[in-house]
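Right, one structure below, let's go through it.
Labels below follow one simple rule: chain letters A, B, ... track the order of the sequence lines, proteins then strands, and each chain is numbered from 1.
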Amino acid sequence: QQPVQSPQAVILREGEDAVINCSSSKALYSVHWYRQKHGEAPVFLMILLKGGEQKGHEKISASFNEKKQQSSLYLTASQLSYSGTYFCGTEAGTALIFGKGTTLSVSS
Amino acid sequence: DAGVIQSPRHEVTEMGQEVTLRCKLISGHNSLFWYRQTMMRGLELLIYFNNNVPIDDSGMPEDRFSAKMPNASFSTLKIQPSEPRDSAVYFCASTRTGRDGYTFGSGTRLTVV
């Protein structure tokens, strides 16, 4: 079952914040977050495991609520380099299944 | 570490022709995944291997698609015969434990005309 991401697209100015959500109808073992720039491969950002922990990566952090089967990615004080498509990947005992992505555009 | 290496980067072929996509894993990684990306469907899992053994091929669209992993470092994805609807970017990815995240290759952009 493919996870559902929202919103589909976000437009920001440099310095603004954004939240990207990912939800699944299945119980999850973990949630991965990836960023893909146009014409390139997806790049791993972080993994969230059961336990509701929040992880950080520079000014990008994420949380995982396994009871609600949801994860959120937080982008703080966005930079131009944050532009791209963000995918969540959910694992329910097999390989990652990816959401359709959220396109983030950051302008100066 | 050269990363996950895919070849070719681009492939244009005529409908009905056989296409073979290749992937070299990162040394020490024991899981290999083939994904297909299109605008309509996003990133779709086609098949994955663990220690050279196919674990889940439920995402392979039909019998025209086949994948092999003859050794621990190399995999192929074959489409025979190819059709225009197979046009997409095909990625392979590998991981050591899964908890390290997946490392994707640069992808093969396939166009079937």
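- A 4.5 Å side-chain heavy-atom check between B/Q37 and A/P42 finds every atom pair outside the cut-off.
- Put simply, CZ on B/F104 and CD on A/E40 are 13.5 Å apart, with the number rounded to the nearest 0.5 Å.
- Heavy atoms closer than 4.5 Å to chain A are found in both the backbone and the side chain of B/Y102.
- Considering CD1 of A/I47 and OG1 of B/T97, their distance stands at 7.5 Å, rounded to 0.5 Å.
- Both A/V31 and A/L73 sit in one connected hydrophobic cluster of ILVMFWY residues. Membership requires side-chain heavy atoms under 4.5 Å apart, directly or through other members.
- Taking the centre of each ring, B/Y35 and A/F98 come in below the 6.0 Å mark.
- Criterion: ILVMFWY side-chain heavy atoms under 4.5 Å apart, direct or through other members. Under it, B/V4 and B/L46 are not part of a common hydrophobic cluster.
- Contact record, A/A41 with B/S106: CB-CA, 4.3 Å, taken as the closest heavy-atom pair.
- Environment of NZ in A/K26: sparse, with no more than 12 heavy atoms of neighbouring residues, nucleotides or ligands closer than 6.0 Å.
- For the pair A/S30 and B/R99, the tightest heavy-atom approach, listed with the atom from each and the gap, is OG-NH1, 4.1 Å.
- Heavy atoms of B/R109 lying under 4.5 Å from chain A are absent altogether.
- A donor atom on one side chain and an acceptor atom on the other are not found under 3.5 Å apart for A/Q2 and B/E44.
- Placement of A/F87 and B/Y90 in two distinct hydrophobic clusters is found when ILVMFWY residues are connected by side-chain heavy-atom separations under 4.5 Å, directly or transitively.
- Other residues, nucleotides and ligands contribute at most 12 non-hydrogen atoms within 6.0 Å of the CG atom of B/D63.
- For the atom pair CZ of B/R41 and NZ of A/K100, the computed distance is 8.5 Å after rounding to the nearest 0.5 Å.
- Under a cut-off of 6.0 angstrom, the local environment of CD in B/E14 is sparse, with at most 12 non-hydrogen atoms contributed by other residues, nucleotides or ligands.
- Proximity to chain A (any heavy atom under 4.5 Å) is restricted, for B/L45, to the side chain, taken from C-beta onward.
- Criterion: ILVMFWY side-chain heavy atoms under 4.5 Å apart, direct or through other members. Under it, A/Y29 and A/I97 are not part of a common hydrophobic cluster.
- Environment of CD1 in A/I11: sparse, with no more than 12 heavy atoms of neighbouring residues, nucleotides or ligands closer than 6.0 Å.
- If you take CG on B/D100 and CZ on A/F44, they are separated by 7.5 Å, rounding to the nearest 0.5 Å.
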